[in-house]
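Okay, so here's the structure we're looking at.
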Amino acid sequence: MQQMQQIPDVIKLIPLNFYVLFSSALFCIGIVGVLTRRNAIIIFMSVELMLNAVNLLLAAFSSYRADPSGQIFVFFIMAVAAAEVAVGLAIIVMIYRNIQTIDVGILNKLKW
Amino acid sequence: MSLVTLIPLFPLIGFLINGIGFRHVPKSLVGIIGSAAALASFACALSLFIGFSGQPEVTHLFDWITVGKLNISMSFQIDQLSLLMLLIITGVGSLIHIYSVGYMHHDEGFGKFFAFLNLFLFFMLLLVLGSNFVVMFIGWEGVGLCSYLLIGFWNKNSNYGNAARKAFIMNRIGDLGFLLGIFLIINHFGSVEFADVFGKIAEGDYESGDKTLLYITLLLFVGAMGKSAQIPLYTWLPDAMAGPTPVSALIHAATMVTAGIYMIIRANIMYSLSPETLEIVGWVGAATAVLAASIGLFQNDIKKVLAYSTVSQLGYMFMGLGVMAYSSSFFHVMTHAFFKALLFLGAGSVIHAMSDEQDIRFMGGLRKKLPVTFITFLIATIAISGIPPFAGFFSKDEILAHVYEHNKLMWVVALAGSVMTSFYMFRLLFLTFFGEFRGTHEQEHHLHESPITMTLPLMLLAVLSAIGGFFNLPHIFNGHASLAEFMSPLFAHTHSTAHEADASTEIMLMVISVAAALIAAAFAYFLYIIKKSVPAADGQESGLKKVIYNKYYVDELYDKIFVTPITVLSNFFHSVIEFLVIDLIVEGIGKGVKILSGEARLLQNGTTGYYIFAMVISIAVILAWSLRAFLF
Amino acid sequence: MNSIIALSLFGIANLFLGFLNNRKILLPATLAFVLVALGLNLADWNQEYLWFNNMLRTNNLSVNFASVILVATFLVVAVSRGFGDDEEHTHPAEYYAIMLFSVVGAIMMVTFENLIMLFVGLEILSVSMYILTGTDKRNLRSNEAALKYFLMGAFATGILLFGIALIYGATGSFNIHGIEALVLTAAGGSAPALLYIGIVMVIIGLLFKVSAAPFHFWTPDVYEGAPAIFTAFMSTVVKTAGFAALFRLLGGAFTGVYGTWIYILYFLTMLTLIIGNITAVYQQSFKRMLAYSSISHAGYLMLTATAKVAHTQSSILFYSLAYSVATISAFAVLMVVAETKESNAEKTNENFDIFNGLAKNNPLLAFVLTVSMLSLAGIPLTAGFWGKFFIFSDAFQRGIVVPLVVAVLMSAVGIYYYFKAIISAYFKEGDVPAIELKPIYKITLIVTTLLTIVLGIAPDLVKSIF
Amino acid sequence: MLTLTLILFPIIAGLLTLASKGENAKTIASAAAFIELALGAYTYFSFVPDASTQFGLSYDWIHAAGVKFSIGIDGISLILVCLTTLMVPFIIVSTFNSNYTNANNLYALILFMQAALVGVFTAKDGFLFYFFFEAALIPVYFIAAIWGGENKIKVTLKFFIFTMFGSLFMLLALVYLYMKTPGEIHTSDITALYEVGQNLNPSQQGYIFWAFFIAFAIKMPLFPFHTWQPDTYVEAPAPATMLLSGIMLKMGTYGLIRILLPIVPAGVQAWGLTAIILSVIGIVYGSIIAIQQKDMKRLIAYSSFAHVGLMSAGIFSRTLDGLQGSLIQMLAHGINVIGLFFIVEIIQQRTKSRELARLGGITQTTPNLTVYFIIIMLGSVALPLTNGFVGEFLLLKGVYEYNVWIGAVAGITIILGAVYMLRLVQKSMFGITSRITEGFQDLTFSEKAVLFPIAFLVIALGIAPNAFLHITEPAVSQLLTIITK
């Protein structure tokens with residue numbers, strides 16, 4: 001209990017801006033990943049990276065404000081992301097079964 | 001129902017019976033109904049004339065158009081002018097109706113013809129009976145319509161149809177002027193009733209040369225130009241000869257075309273205060289008189305000659321108006337109605353006998369076969385040429401005397417016209433009735449005097465043409481100038497500046513004009529009886545003669561100036577402005593959207609990476625914009 | 001509120017019904033479920049509650065939105081015909097269950113009080129939609145659509161979450177009333193950039209869901225690829241829920257910094273209107289045209305959803321209802337006609353020309369199609385007209401003239417492509433055999449059409465409720 | 001209640017017609033139209049000629065927005081209600097000789113159209129007006145597009161989008177004014193809108209003026225917004241053409257009088273001259289184009305375009321004569337143009353052609369038709385004692401009062417009108433018969449049943465225009481006092 005209350009103090013040793021910048025960087029890496037990769041799974045992983053950047057940020061804010069709701073949100077995100085993974089991978093598998101590839105570049109039949 | 005109302009009612013009823021019962025009324029009845037309607041009107045007019053008190057009487061029928069303070073009522077006015085016109089119209093009209101019974105007997109459109117004639121009478125009577133400008137305008141346009149219908153009576157021939165259209169449209173040009181004049185009158189006087197308008201002017205608030213009156217009179221004169229075939233709107237009248245001959249006699253000689261003169265006399269109080277307009281009226285009349293007469297010199301169609309003669313005589317009447325000799329002009333209207341109707345009917349009789357041949361080059365020597373026609377035609381010719389003591393002499397010389405007093409130059413022009421008139425009339429007479437017959441054998445075989453229904457009107461009109469002049473015998477012949485006397489209340493408020501010529505001048509003028517007419521007649525005698533010359537066939541004239549024969553190419557000129565440009569403009573508007581400009585803009589917007597759409601859809605190229613890239617860029621831009629305060 | 005719980009249970013119940021291997025009872029059962037949920041939902045009328053530790057809020061606004069969503073769901077289910085009995089749709093029970101679950105998500109998006117619930121609702125809805133989009137497993141178009149939707153949806157979720165995180169960082173709260181209060185105070189002084197970025201990103205995340213330009217790219221492709229019935233569902237339920245959420249945030253939590261986002265939204269509104277309407281003109285595919293039409297309608301809705309004032313909610317609601325009803329009719333007609341053509345061994349397509357000559361043998365279908373097109377085009381006598389009317393009125397009241405003029409011009413463009421369907425149905429030569437309609441289907445079509453007309457003549461019937 | 005009946009009755013009858021088949025539809029539709037005519041006549045005779053709005057009725061329509069379903073009839077409305085109720089029976093009877101497939105639908109649409117038209121002319125609420133204004137478009141669109149000619153799809157769509165586009169501006173203007181009305185709940189009552197509009201500053205009024213003007217100018221149509229019109233008239237089947245030209249374009253002129261003039265007097269002050277000049281350009285331009293047209297329908301379309309220009313010019317002259325003239329001319333033009341289009345339809349049915357060059361000589365076999373044609377033509381060229389004269393006389397006088405020169409130019413219409421109308425009659429009726437006009441069948445009973453009353457009206461209205469002038473005058477005077485306040 002004692003230790004728990006010290007956590008914010010420990011975390012605050014690093015300025016909040018650092019967390020913000022770090023997770024922003026992480027988020028941007030995720031975006032770049034989404035933009036540059038053609039493999040559906042890698043893109044999906046990049047999206048997960050973005051979500052994790054958000055998680056980190058939430059955790060940091062939560063600690064700085066000594067407000068647990070942010071951390072609770074992190075759990076929600078994790079749970080929902082897991083569901084998303086399940087569905088997403090299923091879709092990817094389905095596509096792989098049909099066309100033996102998961103390159104999003106060639107999935108452009110629907111256009112104009 | 002008063003007598004006044006009955007006058008136009010009879011022809012209307014006649015029209016309805018013959019018109020609606022078209023093809024159902026027995027042919028024998030058609031003519032009787034039509035003529036009876038005209039005669040009944042004549043009887044009414046006569047009894048009104050006899051019982052006339054000397055004071056104008058207005059009969060109000062009903063309010064026609066009421067807007068705000070303006071009330072245009074359907075009402076009739078009886079005064080000296082309208083009574084005289086009524087008598088001429090119904091009198092001459094009745095004779096022509098009777099004549100038509102014989103003339104049109106074999107035509108399949110017999111019933112239609114009488115219906116139209118009655119309708120014409122109805123509108124003509126409205127024209128002269130109306131107590132305000134708008135009712136006059138009803139008649140004005142109505143007679144134009146009947147003229148249109150009757151010119152195009154034989155509607156299978158599209159040339160006749162074109163002539164009819166030309167007449168209607170040219171009349172309409174004049175009508176527009178009339179209409180605008182009416183608007184100006186309404187705006188200025190707030191009423192269209194003759195009594196109100198002229199009453200206000202009679203109060204004396206108007207100087208001579210008043211601008212408003214100038215414009216009103218000019219606009220009304222434009223209307224008169226159209227209806228009475230004056231330069232520049234005269235070309236329809238010769239073409240109007242396409243109609244049956246009785247129509248030419250009734251409408252295009254005796255009655256309708258004099259509507260312009262009637263109108264100016266009616267509005268004399270305004271004209272007298274607009275000397276500029278009068279000057280224009282006079283000179284337009286003079287120009288028309290001489291121009292038309294000159295064209296008449298070389299025409300070969302019997303009706304065309306008479307038509308140009310009509311135009312020319314109308315010119316004299318306007319000349320008279322221009323010098324404020326109103327009653328003289330009217331006197332000429334009256335005598336002209338007699339002898340010109342007679343001439344046309346005589347021509348009709350000739351045409352009837354000649355199996356519809358109208359070209360005088362193929363006539364000749366008809367006097368033996370058509371004695372009645374010949375004698376009556378001769379009387380009319382003498383009358384129109386201004387040889388005493390027949391009607392035309394008195395009326396024309398009255399006008400000439402006034403013109404002489406007003407302007408010597410105009411008198412010279414008028415005299416020239418009168419010489420030409422005498423020449424072409426005698427030319428016509430000689431070519432038609434004297435010499436050898438030049439037509440086909442078949443025609444010769446058919447030659448016969450017309451039936452009594454046709455010759456009776458001829459004889460009656462011949463009598464009138466002979467003695468008509470005595471209705472207004474001038475003082476120098478110990479006459480009473482009874483017509484002028486009778487009409488004088490009409491000019492009570494007119495401040496006439498014309499002064500009477502003294503007796504010696506008048507006699508001198510008469511002698512000159514009679515001499516000129518006789519010389520012209522003699523010249524014609526020399527040419528066509530002694531030298532037996534016959535006008536050349538079409539296309540063989542040369543020089544000035546060719547120009548005149550082709551009517552100075554005025555029709556062609558109008559064609560070039562008005563018809564062709566409008567046709568071209570119409571096609572231009574339709575194919576260029578309409579489809580290449582306006583529609584192209586409208587359609588262009590539609591097409592533009594479609595093209596834009598075709599381009600815009602290419603944004604949607606189907607690649608996920610590209611979509612996300614676009615989103616990221618957009619996000620970046622949006623963030624940059626919303627954070628501009630922090631960034632810059 | 002009880003409707004959320006009930007619908008979750010009903011979804012599970014539906015899965016169990018699937019074991020019965022009896023397709024016949026699925027449809028009526030689902031319809032009954034939706035009706036019950038609608039009843040439960042309406043029971044909350046005129047009561048204001050906070051639920052689950054202030055996570056959800058029920059009030060008339062949420063009841064209204066939820067009702068529109070449920071009505072749309074009901075209609076979509078009614079025209080689903082139990083997903084037929086073909087090979088493609090082997091698991092109708094699951095489809096119905098997923099639809100019910102997604103409605104739970106939608107209602108959560110309407111009732112959220114806390115951004116966590118917004119996120120959870122959004123994800124429940126989205127994930128369900130990913131699945132439904134890909135249900136036509138062997139159809140490559142369906143696959144592609146599902147993948148595109150999924151990848152882009154997940155990406156947009158990431159943006160939304162990052163925004164939420166930043167807002168949390170700036171205000172320390174997920175509760176929208178809490179945020180509203182803090183934003184208001186922040187607006188006075190110099191608000192931290194974090195807040196601005198957060199707000200903008202949250203808005204973007206939601207704009208993605210309602211397919212506003214330039215985040216609309218997924219819409220045409222996904223609409224085209226997904227089975228028509230789910231496209232209908234997507235374009236009505238998802239849109240309504242998305243706008244409800246957007247309206248609650250813009251009209252509530254974010255009003256304090258109105259100046260930050262309003263110009264962006266004006267601009268995006270115009271962009272959406274232009275892209276949606278202009279691109280639709282060229283389309284040969286009816287379904288794809290409806291996708292662009294859906295984008296353009298998002299534009300009209302954005303006109304009024306950006307208002308700070310509360311009473312625009314009734315305009316949004318009316319518009320959503322009118323739009324949903326008309327869209328569902330259009331899709332319903334499309335589905336039966338396309339299916340008939342398909343079974344006639346013609347190559348399946350969903351272009352305008354499948355309607356050629358529809359009126360000859362199927363006057364009812366042609367009429368339904370016409371009314372729905374007129375309504376979408378916003379022509380008087382139909383509900384769509386009043387929808388546009390209310391929106392324009394609201395926009396005028398706020399004096400946003402430029403976007404309004406764009407909207408007006410674009411609705412003239414709209415007539416062109418909506419009328420293409422009517423023209424095909426009535427004036428073009430073609431042959432559509434007479435189609436036998438199941439009673440429920442017929443009734444639904446008649447009801448939607450009548451509803452459109454009745455609302456077109458007497459909008460007050462519904463408008464006064466909202 | 002009477003007004004509501006006038007609107008609802010055709011709808012109910014239309015629904016009945018829709019449900020009936022074949023000959024029944026004909027009977028029901030014509031019976032309904034004649035009952036409606038009787039109702040119209042009853043309205044005419046029970047109307048007290050003063051400036052008030054009579055037979056009024058007002059319900060809440062959209063309560064929260066203050067929009068009311070309020071209808072009523074004043075003199076200006078009455079003349080147009082009379083036109084509508086008078087002409088629709090003829091339009092219906094005029095179809096009896098043609099074989100339209102699914103005729104019951106056609107009759108139903110005509111009746112729906114009639115309801116909407118009566119609605120437009122009696123609406124006393126801005127939005128209700130707009131509602132009917134647009135609603136009238138839908139039936140006629142379908143009539144034109146279902147039973148039209150070859151090119152119907154493109155042309156009718158253009159027509160629909162064009163007019164709809166214009167109306168949207170009107171909607172904007174109405175909403176703008178509505179938002180300015182005082183009170184928590186605004187009102188769209190037409191008199192309230194008058195008040196709001198009049199209190200706007202001149203530049204605002206200018207914008208509103210244009211928004212309304214474009215809407216009405218497209219509907220009428222005025223130069224240069226007219227390109228939909230000739231094509232649509234040509235492609236549309238006879239009943240649609242009659243509805244469009246006979247009645248529907250009067251929605252535009254009516255709108256000018258009812259909406260535009262009283263709402264933005266200062267705007268009209270500022271832009272009236274422009275509007276009049278556009279109108280007069282339209283008169284001359286349309287007339288000149290009509291002169292060379294080869295297709296009878298197209299010719300009449302352009303003539304109608306020219307006539308409407310004169311009505312609009314008269315309205316914008318803002319004189320009593322101009323307004324009265326435009327009202328009486330709306331009635332007269334409706335009657336004439338329906339008659340003319342019907343004659344064209346008769347000729348087309350018999351000869352399968354509308355080309356003047358291929359026609360001619362019809363009078364030799366069918367003098368009756370010629371008589372009717374000439375009477376109606378005379379009405380159209382405004383010969384005195386026909387209905388056209390009264391209108392044109394007053395209109396020209398109004399324009400003349402406004403500006404002498406514009407009046408004179410507008411007056412050219414009476415010359416050019418004669419030019420093209422006489423050409424129309426001559427080329428079709430007179431001359432020698434052509435291959436296709438030989439053996440031209442005589443008029444049938446139903447054709448006479450349409451033409452005779454129309455010809456009668458042409459003359460009756462020309463002789464007794466006061467029957468209508470008296471009715472409209474108080475309302476018009478009142479309107480003028482509002483405008484010139």
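All values below were derived from every heavy atom in this structure, side-chain atoms included, with hydrogens, water molecules and symmetry-related copies excluded. Convention: sequence-line order gives letters A, B, ...; per-chain numbering from 1.
- To the nearest 0.5 Å, atoms CG (A:L57) and CD1 (C:I164) are separated by 12.0 Å.
- Most heavy-atom pairs under 4.5 Å with chain C, from the set A:V47, A:I99, A:D67: that is A:D67.
- Two rings, from C:Y168 and A:F73, have their centers 6.0 Å or more apart.
- C:R138 CZ to A:M94 CE: the interatomic distance, rounded to the nearest 0.5 Å, is 11.0 Å.
- Side chains of C:L147 and A:V104 form a contact here, defined as non-hydrogen atoms less than 4.5 Å apart.
- The parts of A:L107 that come within reach of chain C are both its backbone and its side chain, each placing non-hydrogen atoms under 4.5 angstrom from that chain.
- At a 4.5 Å heavy-atom cutoff, C:A156 makes no contact with chain A through either its backbone or its side chain.
- Contacts of C:F174 with chain A are made by side-chain atoms alone, with heavy-atom separations under 4.5 Å and no backbone atom involved.
- A distance of 10.0 Å separates CG in A:N98 from NZ in C:K137, rounded to the nearest 0.5 Å.
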Evaluation steps, side-chain contact (heavy atoms from CB on, under 4.5 Å), between C:T157 and A:M50: CA-CA 10 Å; C:T157 306; A:M50 287 161 66; over 6 Å; no
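- Interface remark: A:S46 contributes no atoms to any contact with chain C (heavy atom separation under 4.5 Å).
- Smallest separation of non-hydrogen atoms from A:L110 and C:G225: CD1-CA, 3.9 Å.
- Among C:G158, C:S126, C:A145, the residue with the largest count of heavy-atom pairs under 4.5 Å with chain A is C:G158.
- Atoms CG and NZ, from C:D221 and A:K109 in turn, are 12.0 Å apart once rounded to the nearest 0.5 Å.
- Here the two rings, on C:F119 and A:F76, have centers that are 6.0 Å apart or farther.
- With a 4.5 Å cut-off on non-hydrogen atoms, C:T171 touches chain A through its backbone but not through its side chain.
- Contacts of A:L58 with chain C are made by both backbone and side-chain atoms, with heavy-atom separations under 4.5 Å.
- Using a 4.5 Å cut-off between heavy atoms, C:L140 contacts chain A through its side chain alone, with no backbone atom that close.
- Both the backbone and the side chain of C:Y130 come within contact range of chain A, with heavy atoms under 4.5 Å apart.
- Within the 4.5 angstrom heavy-atom criterion, atoms from both the backbone and the side chain of A:I77 approach chain C.
- In this structure, A:F27 and C:F162 have parallel ring planes: the angle between them is below the 30° cut-off, well short of the 60° mark.
- Going from atom OG of A:S69 over to atom CG of C:N175 covers 9.5 Å, rounded to the nearest 0.5 Å.
- Distance check, rounded to the nearest 0.5 Å: CD of C:E144 to CD1 of A:I91 gives 12.5 Å.
- The number of heavy atoms from other shown groups lying within 6.0 Å of CE (A:M45) does not exceed 12.
- The parts of C:L166 that come within reach of chain A are both its backbone and its side chain, each placing non-hydrogen atoms under 4.5 angstrom from that chain.
- Chain C forms the most heavy-atom pairs under 4.5 Å with one residue out of A:A40, A:A86, A:A79, A:G70, and that residue is A:G70.
- Other residues, nucleotides and ligands contribute at most 12 non-hydrogen atoms within 6.0 Å of the OH atom of C:Y282.
- Other residues, nucleotides and ligands contribute more than 12 heavy atoms inside 6.0 Å of the CZ atom of A:R65.
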